[in-house]
Amino acid sequence: MNSEFQQEQQRVDSVMQTIANQIRNLEEETSRRRDEVVNIRRHFWDEVKVNTDTFDDYLETVIGLRQEAQNLSVTQSTHRHASKRLSTLQRMQEIPYFGRIDLIEEGLSTQEQIFIGISSLTDESGDNFLIYDWRAPISSVYYDYQPGPIQYKTPGGIVRGDLKKKWQYLIRGGVLQSMFDTSLTIGDEILQQVLGKGSDKHMHNIVATIQQEQNQIIRHDSGKLLVVHGAAGSGKTSAALQRIAYLLYKYRDTLKADQIILFSPNSLFNSYVSNVLPELGEENMQQVTFQDYLNQRLSKDFKVENPFEQLEYILTAEHSSLYKARVKGIQFKASVTFFEAIDAYRQSLEQSGMLFKDIVFRGMSIVSGEKIASRFYNTDTSLRFHNRLEKLKDWLIQQINAAEKGELHKQWVQEEIELLSNEEYEKARIHLAKKRGFKKEEIADYEVEPEALAKLIVRQKFKPIRNRVQAYHFVDIKGIYKNLFANPLQIKQFIAEEVPAKWEEICRATIEQLEKGRLSYEDATPYLLIKELIQGFQANRAIKQILVDEAQDYSPFQFEFLKRLFPSARVTVLGDFNQAIFAHASQSIDFQTLSGIYGEDETEVINMTRSYRSTKPIIEFTRRLVPNGANIIPFEREGEKPVLTQVSSHPELHSCIAFKVEALRKLQYNSIAIICKSAEESERAYEALSDIENIKLLKSGSFEYEQGVVIIPSYLSKGIEFDAVIIYDASEEIYGDESLRRVFYTACTRAMHYLQLYSIGEPSEFMEKALTEGFIDA
């Protein structure tokens, strides 16, 4: 074995030398290309003869400009590709490769050794592969098969063969530390080492430890919708990020990073996962939250509630008189039924109910809303709805043009002319001269015609009105949406099922919020839908792939909306029903509705039941917190049992937490999270624990995940993992309601290595099963 180990180290040395040589060559090339780009930019206009005297001269100038621009573009592109490759090779200096398969392809007699790393590498001739990219078709054998018959897909068809051996390597900085001959998909030895490490402020790539079920997600490439349902810590997010890297590799000629969107749960999560794709030599895709999109579309007209504010209300306002009605409203407005009701309501507007704003100029009405409505319902009624609106818009522009002419000789116009500064007057004069066709050298002789100047001023004053009409701002969307709730009985026209309980209260509360200029989170997407259905959907066909993480936080209504918003995109959704903590999910905690969005033929569901994040004792505890926890399979990684400590008061609680944090720090835990139920509880905890050195409070507005000791609300911790977790107060008083079971489960499953729970008084009954069966030390 020692001789074999030496031979393997010699191969590593040879590969490292090849990488070093290629890095040296690329450093020279990137430096040369950079100088070329700078030089072209500096002398761009020296190479172009600008002459516009005749059409031929003008054409020659345009051609010259185009050629220089093309030269610059090609050089910049070459420099960019060389820089990207250089960056990848520099990362390969740390870990050149991590796996090897020995196989014999069908029809051949010789055994071939295939080494696998984060990127391909050839020898100096460029003909022989020293390392294959983990995304290459042949590399799938490494993740999917044990020794024996194998097959894998290539662009040229299916290749079959016989896998003889599979090796794993642990190489760091060019030094072979260990190697394993394994018949497992991925040997537990390396996975144990990876999972046993401390957490980091960023998620990292998992290409060396991808499991077979994760590889199925990464390389899935059929249908419109892939649904990944995975237990907490199953690696679904990691697999999805490697999936993006795989798609960018496979479709590198037709798919770019800016054609992919990741909808993530919050800004902290964006920061946490931002490192994965750059580690793999790929650009980051667009990362947004659904709230970012809502704010972009609606924040000019409303103060839009965000999902965490809604959830904070649900977690803290249970004694409010409006609480039950609000919860019922959230659930109904999140449903497909309400989506269909909005669609039916829009169709009813073809006959009646459209509301329009007055078109006003200088305090005077040009066209009243009533007149616009009359025109809409009495003219062009045979046309389709959007065509009628388009015709109405054209008619309004005519009315504005007529009103504009009527303003030309009014006193205010003369006053505006007299108030023009010399600079403004000169700008107007030059603009009018150019409009009249004066050449550059003739402009100085142009004298302003009073009538032309008056027209210019009036047109500029009317421009904002004309722009608003062009953008359909004359449609009173707010009034139309409000009218849906004005008569509680009206909803019966648009739904086939029973009116939800407390509907009258829901209607009153909705109208009250709208009149205050506020839009509740449950109303934001429905409001945007009615707006889009009236004005025309602002669909984005450039986006080719969408990933939705923490998909259980999205309502069926929002998924229907996303389908219409991105009609050309394939969609990957990742979720865990056990972490469905938002109010809309309390009655519907599966993805059954999703299969209806694209159809069963276009939908595939992959279930991931093995959990890798936490130690086996932590998973044995957390899987007893939820009804279907028996389906969760723990990875065999030993550790300490979770600990439950009962205290009698807040002062005692804070003293215990401070002592525990100090002890955990001595154990070299890099990240320690004190997880509270709500932001309100987090604020109180932070104030009481502020003496703990460098303790930080993370809020919904925090943009970067930081290591160290943090206090964080349960819902912001989703998708993030910590070395040690302290549940601030796991008492029956705090976690007593059944609706909080999944919130509690989510908080506990953030722990990788150590879980401590405190309880002021009686502990939550959610832990009863774990206590009875001895899976928690109390």
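None of these values were measured; they are calculated from a predicted model. For the numbers below, each heavy atom of this structure counts, side chains included, while hydrogens, waters and symmetry mates do not.
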- Stepwise salt bridge (Lys or Arg N to Asp or Glu O under 4.0 Å) test for Lys563 and Glu560: CA-CA 5 Å; Lys563 177 188 174 182; Glu560 289 279 3; 5.5 Å; no
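- Remark: of the listed residues Thr337, Val336, Ile342, Ile342 is the sole one forming a side chain to side chain contact (heavy atoms under 4.5 Å, CB included) with Phe557.
- Tyr735 has its ring centre no less than 6.0 Å from the ring centre of Tyr745.
- Every salt bridge (charged side-chain N to carboxylate O under 4.0 Å, His left out) that Arg466 has, sequence neighbours left out, goes to Glu404.
- Checked by atom type and distance alone, the side chain of Gln242 pairs as donor or acceptor with a backbone atom of Ser238 at under 3.5 Å.
- Considering Phe559, Phe561, Tyr521 as possible partners of Tyr554, the one that fulfils the ring pair (Phe, Tyr, Trp, His ring centres under 6.0 Å) test is Phe559.
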- Task: Show your reasoning for whether side-chain contact (heavy atoms from CB on, under 4.5 Å) applies to Leu225 and Ile597.
- Result: CA-CA 9 Å; Leu225 175 65; Ile597 294 178; 5.5 Å; no
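- There is no side-chain donor-acceptor pair under 3.5 Å between Gln513 and Glu515.
- Side-chain N/O atoms of Gln545 and Gln259 include no donor and acceptor closer than 3.5 Å.
- Residues Tyr345 and Glu340 have side chains that never bring a donor and an acceptor to within less than 3.5 angstrom of each other.
- For the pair Lys393 and Tyr472, the distance from NZ or CZ to the six-membered ring centre is under 6.0 Å and the angle to the ring normal is within 45 degrees.
- Checked by atom type, the side-chain pair Asn387/Asp380 shows no donor-acceptor distance below 3.5 Å.
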- Message: Apply salt bridge (Lys or Arg N to Asp or Glu O under 4.0 Å) to residues Arg508 and Glu505 and explain how you reach the verdict.
- Response: CA-CA 5 Å; Arg508 279 199 302 273; Glu505 287 179 62; 5.1 Å; no
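- A side-chain hydrogen bond (donor to acceptor under 3.5 Å, both in side chains) check over residues 346-363, counting only residues at least two apart or in different chains, returns the pairs Arg346-Glu350.
- In this structure, the ring of Phe302 has its center less than 6.0 angstrom from the ring center of Tyr527.
- Under a 3.5 Å cut-off, the side chain of Arg388 and the backbone N or O of Ser382 do not form any donor-acceptor pair.
- Looking at Lys478 and Asp301, no side-chain N of the basic residue comes within less than 4.0 Å of a carboxylate O on the acidic one, giving no salt bridge.
- With Ser555 contributing its side chain and Gln558 its backbone, the two residues share a donor-acceptor pair below 3.5 Å.
- Remark: side-chain polar atoms of Ser374 are not paired, donor with acceptor, to backbone N or O of Lys371 under 3.5 angstrom.
- In this structure, His220 contributes its side chain and Leu226 its backbone to no donor-acceptor pair below 3.5 Å.
- A ring-centre distance under 6.0 Å is found for Trp412 and Phe361.
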- Item | Evaluation steps, salt bridge (Lys or Arg N to Asp or Glu O under 4.0 Å), between Arg459 and Glu407 | CA-CA 10 Å; Arg459 176 153 282 266; Glu407 295 291 322; over 6 Å; no
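- No donor-acceptor pair under 3.5 Å is formed between the side chain of Arg570 and the backbone N or O of Lys544.
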- Could you give me the CA-CA distance, side-chain angles and deciding distance for Phe385 and Phe376, then say whether ring pair (Phe, Tyr, Trp, His ring centres under 6.0 Å) is met? CA-CA 10 Å; Phe385 185 82; Phe376 181 75; 5.7 Å; yes
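- Side-chain atoms of Thr749 come within 3.5 Å of backbone N or O of Thr746 as a donor-acceptor pair.
- Contact check on Lys410 versus Glu416 returns no salt bridge, with no Lys/Arg side-chain nitrogen under 4.0 Å from an Asp/Glu carboxylate oxygen.
- In this structure, Lys482 contributes its side chain and Leu514 its backbone to no donor-acceptor pair below 3.5 Å.
- In the model, Gln579 has a side-chain atom that pairs as donor or acceptor with a side-chain atom of Asp576 under 3.5 Å.
- One side chain, Thr510 or Lys333, offers a donor N or O that lies under 3.5 Å from an acceptor on the other.
- Note on residues 303-322: pairs passing salt bridge (charged side-chain N to carboxylate O under 4.0 Å, His left out), not counting sequence neighbours, are Glu305-Arg326.
- In this model, a donor atom of one side chain and an acceptor atom of the other lie less than 3.5 Å apart for Asn295 and Gln291.
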